[in-house]
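The structure appears right after this line, and notes come after that.
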Protein chains: 2
Amino acid sequence: MLELKVLPTGCANRRRSNACDTCGARPLSVCASIDDADLSRLDALAEHLDLQSGETLIQADEAASHVFNITSGSVRVYRLLSDGRRQITGFLFAGDFLGLATGDTYVFSAEAIEPVTACRFRKSDYRTLIRETPALETALLDRANHELVAAQNQMLLLGRKTALERVSTFLLEMPTQDPARPGPQERVHLPMTRAEIADYLGLTIETVSRVFTRLKTQGVIRLISLSEVRIEQPDVLRALADGEA
Amino acid sequence: MLELKVLPTGCANRRRSNACDTCGARPLSVCASIDDADLSRLDALAEHLDLQSGETLIQADEAASHVFNITSGSVRVYRLLSDGRRQITGFLFAGDFLGLATGDTYVFSAEAIEPVTACRFRKSDYRTLIRETPALETALLDRANHELVAAQNQMLLLGRKTALERVSTFLLEMPTQDPARPGPQERVHLPMTRAEIADYLGLTIETVSRVFTRLKTQGVIRLISLSEVRIEQPDVLRALADGEA
DNA sequence: CGCCACTTTGACAGCCTTCAACATGCGTGG
DNA sequence: CCACGCATGTTGAAGGCTGTCAAAGTGGCG
């Protein structure tokens with residue numbers, strides 16, 4: 001059974017059929033340009049991993065020997081300052097790639113935030129493989145460029161948005177839990193803690209909590225549980241996210 | 001005369017021989033894997049542009065019809081919020097690529113901040129070209145992944161660093177003016193205004209100015225002119241950039 | 001049922017922004 | 001060559017958003 005998936009990272013709307021509504025990017029497995037033979041070769045080189053919450057996939061400053069592909073679960077990618085300040089640069093989900101950056105050592109860390117399954121490739125195998133599979137290389141290049149756009153989005157958020165705008169944007173960009181049902185009754189699952197949301201949005205736990213409370217009080221969202229949010233007024237949330245209030 | 005250059009964007013140390021000290025990335029023109037024939041085909045498709053300061057290369061929301069390669073000068077890439085807040089996501093210099101992101105319309109704008117020369121490719125030509133030039137595709141993939149790391153750096157800066165740390169980091173990452181002379185007497189050229197630095201670092205003009213004054217007063221830097229900085233104490237500046245003071 | 005980590009809430013402080021005034025520098029034109 | 005004028009940059013004072021510190025509340029899991 002082939003486990004490899006390739007999806008754009010940080011894609012705002014991954015909710016329906018695992019495809020990105022914005023750019024149409026899809027898992028490699030449903031991408032026309034990658035045929036079964038290519039996928040088989042990929043799979044043959046893959047090492048399958050299971051990780052518990054909190055376990056490490058990648059440790060900053062260690063030798064960059066592997067490339068990962070997440071097949072289920074969620075992962076946090078982050079960098080640290082020497083005094084412990086943390087910036088989470090992204091959350092990864094099924095289909096996301098990890099560890100592609102050039103260089104001999106990783107410059108970031110990555111850990112599971114819930115049970116994760118992943119494929120691991122030796123970097124040398126990976127290099128050989130893309131050299132022999134132009135379609136894969138093209139798909140990865142598209143993905144990388146897509147991620148750069150997502151990164152620019154995040155820079156805009158971190159550099160210029162208020163706490164309210166940041167949290168609103170975050171809620172809108174998290175993949176929703178309900179793949180089948182579009183429409184206004186959006187339910188968002190948050191596998192990460194408030195601390196992780198804070199470190200992703202450049203805020204503190206307290207500020208994130210206060211904004212959640214504020215959105216709840218105003219009836220824009222409803223907290224079904226700590227990790228389950230229902231967006232009651234998507235239009236209002238979108239307006240808040242873009243600073244139009 | 002071939003004008004195409006491919007360099008990693010946001011590379012901290014581009015000072016010596018146009019190569020990145022960190023990862024060794026180099027212009028395509030000196031990259032062994034791209035031969036002269038490939039470069040000739042690239043050049044044949046290139047349209048050469050000259051822009052004055054302030055002129056637009058790319059306008060957000062317009063059709064993404066072209067891909068650019070900067071051959072001289074500096075460019076600002078930015079995104080806007082509806083109320084005018086601006087986040088500059090990067091400054092581009094000779095060798096940088098622009099407009100690679102997928103999608104039918106550009107999601108960011110790009111303007112010259114000083115006289116710029118650039119090459120322009122039609123996106124369809126560009127796609128054909130990389131399909132036929134695996135070495136180019138590989139180089140672009142490496143560059144894209146390199147840029148992702150730079151973007152993560154910037155997220156750490158915007159999300160978790162103080163004003164002093166941001167400005168210090170910025171001064172260290174700007175390419176220095178003196179390609180030949182390494183060592184402590186670093187001279188940094190800043191083609192951008194204080195407003196642009198502020199919008200790049202997620203600060204205000206006033207805060208940037210105050211930090212410059214503070215660094216100047218402490219003897220860490222010296223302002224030769226408004227756009228020319230000499231780093232008197234690189235070690236101190238590095239410590240400040242990483243929050244070790 | 002109880003522990004413990006996580007979350008929420010409150011009071012206060014600080015960094016950066018905002019608003020304002022002044023200084024500087026550079027290009028233009030006399 | 002110098003004076004003028006405007007854009008850009010610097011400096012100062014006050015205020016606000018978010019951070020910090022502290023304590024109470026909540027929920028998940030054994």
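Lettering follows sequence order; numbering is per chain, from 1.
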(message) What's the separation between atom NZ in B/Lys216 and atom CZ in B/Arg222, rounded to the nearest 0.5 Å?
(response) 11.5 Å

Whole angstroms only, please: what is the [atom1]-[atom2] distance between [X] and [N]?
X	N	atom1	atom2	value
A/Ile205	D/dT20	CD1	P	10 Å
A/Leu158	D/dT18	CG	P	13 Å
A/Glu228	D/dG27	CD	C1'	15 Å
A/Arg210	D/dT20	CZ	P	12 Å
B/Leu190	D/dG9	CG	C1'	13 Å
B/Phe212	D/dG9	CZ	C1'	11 Å
A/Arg160	D/dC17	CZ	C1'	15 Å
A/Ile224	D/dG27	CD1	C1'	16 Å

(request) Walking along DNA chain C from 5' to 3', note the first and the last nucleotide with an atom under 4.0 Å from a heavy atom of chain A, and give both. (result)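 Listing 5' to 3', DNA chain C meets chain A from C/dT7 to C/dA11.
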
(message) Could you tell me if B/Arg86 sits above the aromatic ring of B/Tyr78, with its cationic atom closer than 6.0 Å to the ring centre and no more than 45 degrees from the axis?
(response) yes

(message) Test your reading of the model: is there a side-chain donor-acceptor pair from B/Asp242 to the backbone of B/Ala239, 3.5 Å cut-off?
(response) no

(request) Map A/Leu226 and A/Lys161 onto DNA chain D by nearest heavy atom, then report which one ends up closer to the 5' terminus. (result) A/Lys161

(message) For B/Met155, run the side chain to side chain contact (heavy atoms under 4.5 Å, CB included) check against A/Ile88, A/Thr89, A/Leu157 and tell me which one passes.
(response)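 The single option meeting the side chain to side chain contact (heavy atoms under 4.5 Å, CB included) with B/Met155 is A/Thr89.
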
(request) Considering just the side-chain nitrogens and oxygens of A/Thr207, establish if one lies under 4.0 Å of OP1 or OP2 belonging to D/dT18. (result) no

(request) Give a yes/no on whether any side-chain N or O of A/Thr162 is located under 4.0 angstrom from OP1 or OP2 of D/dC17. (result) no

(message) If you assign A/Thr213 and B/Gly202 each to the DNA chain C nucleotide with the nearest heavy atom, which residue ends up on the more 5' nucleotide?
(response) A/Thr213

Could you check whether [X] pairs with [Y] (Lys NZ or Arg NE/NH1/NH2 to Asp/Glu carboxylate O, under 4.0 Å)?
X	Y	answer
B/Arg230	B/Glu228	no
A/Glu196	A/Arg194	no
B/Asp199	A/Arg160	yes

(message) For a quick check of understanding: with a heavy-atom distance under 4.0 Å over all strands, which category does B/Thr193 fall into, base, sugar-phosphate or nothing?
(response)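 Since only primed, P, OP1 and OP2 atoms lie under 4.0 Å of B/Thr193, the category is sugar-phosphate.
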
(request) Tell me what A/Ser225 touches on the nucleic acid: a base, only sugar-phosphate, or nothing, going by heavy atoms under 4.0 Å. (result) nothing

